[in-house]
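These notes are about the structure you will find just below.
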Amino acid sequence: MSDTQAHSVAYVRDTMLPQQPAPAGQSGAVQWLRENLFSGWLNTLLTLLGVALIYTLVMHFLPWFLHGVWDANSIKECRTIITDRYGEGATGACWAVIRERWHQFIFGFYPPELYWRPILTFLLLFVAVGPLLFTWVPRVLAWFTPVYPFLAVWLLWGGSGWTPIMIFAGFVLGAAILLLLSPRLGSIMAFSIGAFVAILYFLFVVGLLIGGLQAILPWGLESVDSAKFGGFLLAITLGVGGIMMSLPLGIVLALGRQSDMPLVKGFSVVFIEFIRGVPLITLLFVASLLLNYFLPPGTNFDIILRVMILVTFFAAAYIAEVIRGGLAALPRGQYEAADALGLDYWKAQRLIILPQALKISIPGIVSTFIGMFKDTTLVVFVGLFDPLKGIPDFIRADFNWKGIYWEPFIFVGAIFFILNFAMSRYSMSLERRLQRDNH
Amino acid sequence: MKKSVFFGALTAATLTAGLAGAATLDDVKSRGELICGVNTGLVGFAAPDANGNWSGFDVAVCQAVAAAVLGDPSKVKYVPTSGQTRFTALGSGEVDLLARNTTWTFSRDTDLKLQFTATNYYDGQGFMVRKDSGVTSAKELDGASICIQTGTTTELNLADYFKANNMSYQPITVDSNAEGEQQFLAGACDAYTTDASGLAATRAAFANPADYVILPEIISKEPLAPAVRQGDDQWTDIVRWTVFALIGAEEYGVTSANIDELAKGTDNPEVNRLLGTEGDLGAMIGLDKDWAVKAIKANGNYGEIFAATIGEQTPIGLARGLNAQWTQGGLMYAPPFR
């Protein structure tokens, strides 16, 4: 039987062949190239064109980068050094301008002996936002977050030490009234009373209080005028200030637009549509020029504050629409579930609706932030020294550096890229962290 | 209809009254600081150095006025203004004085309600071309592409000039001088046009200045003058006569080196009146007796300022030309101090 079996089959394999690597054309880099770059005549052509383009660009710009000079005191010296080293007609970057003027790109005209103040403010920023952004940061630090804006303003502009304390006290006063009265009078009534008392305090009491305390116990920092702000100090101050204020304002506007109350809804719609319909540059001109006509002569309303308010409005209008998209994406059942649990409006928003809506809106919100941060360079048109054009233009006004063109753009562009790329990466990691896959 | 006209007039009247009523001199004195609108950076005229200290030809006017009014040339706050924002900044009261290489024109003087005080620099628009283009006269620029800054009088002059000479051109608009230079060097345009003072500075900063020529034609008149708001005559007089004091000082040979000596009294009654040892001209414009002494001490007389900021010894290397004293064949002419 077994014999028959053995002989009825001509060949039986009793060992497996050892595994062979894939043929040279089907593996590794070659395969990758064939699949991705040369998979057809069209792609092959495009690849070759692309390579030619990159080669031309690199050949064109590489010498310029490689011939860069860091150690010179004027563009003339740079040119002499490049000619000496690389022969007649060679071109090269003159990075020496960055070496000599980097502090103006970063700090504008801020007094050099006070540079520690913006640096400290910047470092403290991470302490303040850490608890909001990262889970591994100790929760204890969260108490510092509400204090930070007041501390930051005081550190940057200086002045009496009592000012930030007393202004902070005003907010605490308002919040205390809100918390004490809301169980008895309802949240809207309590909020109105709290806001009213706080406004009265800011209008009439705070000035006297600061003046009095300063007379009794004077302490503070040397004040620095807004005109001294420039470069990235200005861009980051405007950007961070705008981001911090525009997110809450944007949320309120988005909720206002969804509201059933006609007045609230009407105001939100008009505000959002008006601000979005007007170019930012117009708003900046309003901030810098038109407001002066309406304010009483001699009023000194800080230009950076004015611009920051308008930038905040601008970003808030966009964020409101982004968040409205997030609210619209929530299934109706979420709202009904919140009602079924007996939550009031604010609790429903805070515990159920907003956490989900904001999570959906993260990419849009971060896009708006990045856009706003870049838009801060537009302040050059109202005579502030932004890092991209304002600072390079006045550096060029010094005869030593007249004729410098690309170097500042590249330097400033690189810093902007680093900051914006970090923001973008963070938002992606945040999305992953909040991923729940529940819909 | 009538009502709206009335209210319009009322608003305008209140605005003007509000602005006119506020005496700028008192504001400046009580503030202890002169707010001066300057260029955001123009070689030789206004530029901050690595430490943020401003200097230049226009800045010297700010400093002279601050010295005359407050006794200290350093008590100036500089507000950089762009071509678009400068007039609004002045009109809205954000700055007390606009010393920003601004051309005195009819419509700016009347329609924009500015008061130009005294011309401190006579400029004119010129052209720069590449030497190898073979162009030697602006009349040969028919059909050329020309780089030009937007929002300036140069743009209008250019159109006028080509129209008058029945030539055509292709404007390549740029936003700033730096961009214009870059476009011109990169060959985007055949010619670059701006004020002759700017052309000289631009050419001097090129890697190979000899490869470029500035054409002989000056196609416009650009009298640059510090400006103030209309409606405050005393303040206008102060700025105007401070500029004249600098110009006059050069004519009478008063320099920062000999002014202390001359201020003790000289044989020349004109110099004595200017420096306050005779008569009391200062009181007539609401200033101290020695206002002109302080103004001249700030940066020297007109000639000294010119030489230190834009003159032939500086890299910009501008000749006095039209800006020489009238006794030297120029247009600088201070009315008598009497």
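Chain A is the first sequence line, chain B the second, and so forth, proteins listed ahead of strands; every chain is numbered from 1. What you see below is based on every heavy atom in this structure, not just the backbone, and it leaves out hydrogens, waters and symmetry mates.
Proximity to chain B is absent for every atom of K228(A), based on heavy atoms less than 4.5 angstrom apart. Contact annotation for F45(B): neither backbone nor side-chain heavy atoms come within less than 4.5 Å of a heavy atom of chain A. Residue contact with chain B, scored on non-hydrogen atoms closer than 4.5 Å, is absent for Y110(A). Using a 4.5 Å cut-off between heavy atoms, T202(B) touches chain A through backbone and side chain atoms alike. In this structure, the portions of T88(B) lying under 4.5 Å from any heavy atom of chain A include both its backbone and its side chain. Only the backbone of N51(B) comes within contact range of chain A, with at least one heavy atom under 4.5 Å from a heavy atom of that chain. Residue contact with chain A, scored on non-hydrogen atoms closer than 4.5 Å, involves the backbone of A46(B) exclusively.
Counting non-hydrogen atoms of neighbouring residues, nucleotides and ligands closer than 6.0 angstrom, the CZ atom of F274(A) reaches no more than 12 such neighbours. Within 6.0 Å of CD in E113(A) there are more than 12 heavy atoms belonging to other residues, nucleotides or ligands.
Atoms CD1 and CG, from I395(A) and D49(B) in turn, are 11.5 Å apart once rounded to the nearest 0.5 Å. Rounding to the nearest 0.5 Å places CG of D175(B) at 8.0 Å from CG of D393(A). Note that the CD1 atom of I404(A) and the CD atom of Q182(B) stand 10.0 Å from one another [nearest 0.5 Å]. We find the CD1-CD distance between I303(A) and E94(B) to be 6.0 Å, quoted to the nearest 0.5 Å.
Between chain A and the residues T81(B), L185(B), T85(B), the most heavy-atom pairs under 4.5 angstrom are made by T85(B). If you tally non-hydrogen atom pairs under 4.5 Å between each of F394(A), F109(A), Y405(A), W401(A) and chain B, the highest count goes to Y405(A). Considering only heavy-atom pairs separated by less than 4.5 Å from chain A, the leading option among A201(B), G41(B), A205(B) is A205(B). When K389(A), R101(A), E100(A) are compared by the number of non-hydrogen pairs under 4.5 Å with chain B, R101(A) comes out ahead.
Heavy-atom minimum distance, F385(A) versus T40(B): CE2-O, 4.1 Å.
No salt bridge links R396(A) with E181(B); every basic N to acidic carboxylate O contact stays at or beyond 4.0 Å.
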- request: List the steps and the verdict of side-chain contact (heavy atoms from CB on, under 4.5 Å) for K402(A) and N177(B).
  value: CA-CA 10 Å; K402(A) 189 173 167 59; N177(B) 193 36; 2.9 Å; yes

